[in-house]
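Accompanying notes for the structure given below.
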Amino acid sequence: MSEKNTLIQELETLQAKAEAKLASLSGEVALAKWKTEYLGKASPVMQVFKRLPEASKEERSQIGQFANQVKTVLEQSFELKAETARQATLAEALKSEQLDVTLPGRAPLNGRLHITTQTLREIYRIFAEMGFQIYRSPEVESDENNFELLNIPPHHPARDLWDTFFTKKEGVLLRTHTSPGQVRAKREFASEPIRVVLPGMCYRYEQTDASHEFQFNQVELLVVGKHITFANLKGTLQEFAERMYGKGVRTRIRPSYFPFVEPGAEMDVECFVCSGKGCPVCKQRGWLEILGCGMVHPVVLKNGGYDPKVYSGFAAGLGPERISMLRYHIDDIRNFWANDVRFLEQF
Ligand code: PHE
């Protein structure tokens, strides 16, 4: 038998064997193995090409051609089988990973503004309607701005009104109220007329209870100009209370002391819990304090760069958390910064 016949017979046997095996296979792993075995570099078909020199010159091209033909046939069979396998896998996946697009979706959690942010924005809106601008000032302040320039010298007993967080740096503290912003605003605008609200976080070294927190917001009001009177102060605050709580809300102004105003006063709103009868929330007083206020002290005007003989002004400091408590009947100020979503979600 000639080389040609031997090799061709081998190829024929091989092709038949390979086809038979391919037909019996399933699964992509088995298919990959088959491919290496019958079409890989070490496979008998490929080896035939290496053995071509064994054949006579005339036969080589015929054997080569035949081997190529076998290779192509096997490749085609393989592709066909592989495609069928891929389709089967896909069909399987589609069946097992079925997606019901008609199921209702899961509602995404909606974020919301913190109740204090909402109240602050409402306060800004009310005062903006009355012609006030927002003026921002820092929470970390100097002793000078927080106390001295507000007419509270070192060691003055009035400092006891504000339990203070001091920093390790001499003369630097966490502001105990927004009033130091007054100094900054006056020094920036002197001697133009001023009508600003100064909002932001304040800090006090407090024993916390239902109505005291060691961090809370304040909104300071400051008006400076010629002929500003106590009547302007009262009218502005009453107007604010009515826009905030509704027409006819009961308020009262009573004398009080703050070193940076003269005369000084506090404004109260009727207690929401007991309607003025007296209860633990209002400490039996029937009223809840919502702000401190007064006419800017001449010394403080002067420290801000305004001549107290020509200019006068009024200031007030309100507590947005207290204001929210009155509006929504919240009985413990500690809820605001406790970060309990069950509380926060209600607003
Ligand atoms: N700064 C004062 C406080 O925190 C409030 C206040 C502001 C009083 C402006 C008078 C005028 O207690």
Side-chain angles (χ1 to χ4, degrees), residues 116 120 123 127 132 134-135 137-139 141-153 156-165 173-186 194-206 211-225 228-238 240-241 251-269 287-301 303-304 306 308 311-323 333:
T116 298
L120 278 169
I123 295 171
F127 283 114
F132 285 78
I134 297 177
Y135 187 92
S137 67
E139 292 175 20
E141 261 295 5
S142 62
D143 187 282
E144 203 183 15
N145 284 343
N146 196 82
F147 291 123
E148 284 167 51
L149 294 170
L150 292 174
N151 206 20
I152 316 167
H156 192 284
R159 289 203 174 204
D160 289 351
L161 292 173
W162 296 275
D163 297 308
T164 310
F165 284 114
L173 43 77
L174 300 187
R175 67 175 176 190
T176 57
H177 49 178
T178 42
S179 301
Q182 277 195 36
V183 180
R184 292 174 181 271
K186 279 180 223 144
I194 300 178
R195 211 187 281 179
V196 289
V197 287
L198 307 107
M201 196 62 90
C202 302
Y203 304 87
R204 286 189 202 169
Y205 186 53
E206 291 272 8
S211 54
H212 293 87
E213 208 10 322
F214 62 80
Q215 88 176 69
F216 55 89
N217 282 277
Q218 274 194 349
V219 177
E220 189 96 359
L221 284 197
L222 176 66
V223 174
V224 181
I228 304 292
T229 68
F230 198 88
N232 297 139
L233 162 65
K234 242 188 119 174
T236 307
L237 293 180
Q238 181 61 35
F240 166 73
T251 61
R252 68 173 186 186
I253 279 194
R254 58 190 159 73
S256 185
Y257 170 68
F258 300 95
F260 34 90
V261 286
E262 181 56 37
E266 277 173 329
M267 187 160 126
D268 298 340
V269 179
W287 296 90
L288 285 165
E289 178 203 329
I290 58 160
L291 59 88
C293 59
M295 300 306 289
V296 182
H297 195 288
V299 169
V300 179
L301 271 177
N303 288 342
Y306 286 83
Y311 296 93
S312 57
F314 70 78
L318 23 147
E321 282 88 6
R322 287 255 171 114
I323 288 172
I333 197 171

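Counting convention: from 1, in listed order, for ligands and their atoms alike. Values below: all heavy atoms of this structure, side chains included; hydrogens, waters and symmetry mates excluded. Note that the structure is predicted; figures quoted are calculated from it, not measured.
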For ligand 1, give me the residues whose heavy-atom distance to it is below 4.0 Å, by chain and number please.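 Protein residues near ligand 1 are Trp162, His177, Ser179, Arg204, Gln218, Glu220, Phe258, Phe260, Val261, Gly292, Cys293, Ala315, Ala316, Gly317.
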Salt bridge (Lys or Arg N to Asp or Glu O under 4.0 Å) partners of residues 252-261, not counting sequence neighbours, each pair once: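 Applying salt bridge (Lys or Arg N to Asp or Glu O under 4.0 Å) to every pair that reaches into residues 252-261, excluding sequence neighbours, yields Arg252-Asp268, Arg254-Glu266, Arg254-Asp268.
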With sequence neighbours left out, what residues match Arg184 under side chain to side chain donor-acceptor pair (under 3.5 Å)?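 Here the qualifying residues are Glu141.
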Applying side chain to side chain donor-acceptor pair (under 3.5 Å), name anything that partners Thr164, two or more places apart in sequence or on another chain.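 Thr164 satisfies side chain to side chain donor-acceptor pair (under 3.5 Å) with no residue once adjacent residues are dropped.
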Apply the side chain to side chain contact (heavy atoms under 4.5 Å, CB included) test between Phe132 and each candidate in Val223, Val196, Leu198, Ile123; give the one that qualifies.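 Checked Val223, Val196, Leu198, Ile123 against Phe132; only one passes side chain to side chain contact (heavy atoms under 4.5 Å, CB included): Val223.
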Just checking, any donor-acceptor pair under 3.5 angstrom between side chains of Gln238 and Lys234?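 No, no side-chain donor-acceptor pair sits under 3.5 Å.
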Yes or no on side chain to side chain donor-acceptor pair (under 3.5 Å) for Arg175 and Ser137, after CA distance, side-chain angles and deciding distance? CA-CA 10 Å; Arg175 67 175 176 190; Ser137 67; 3.3 Å; yes
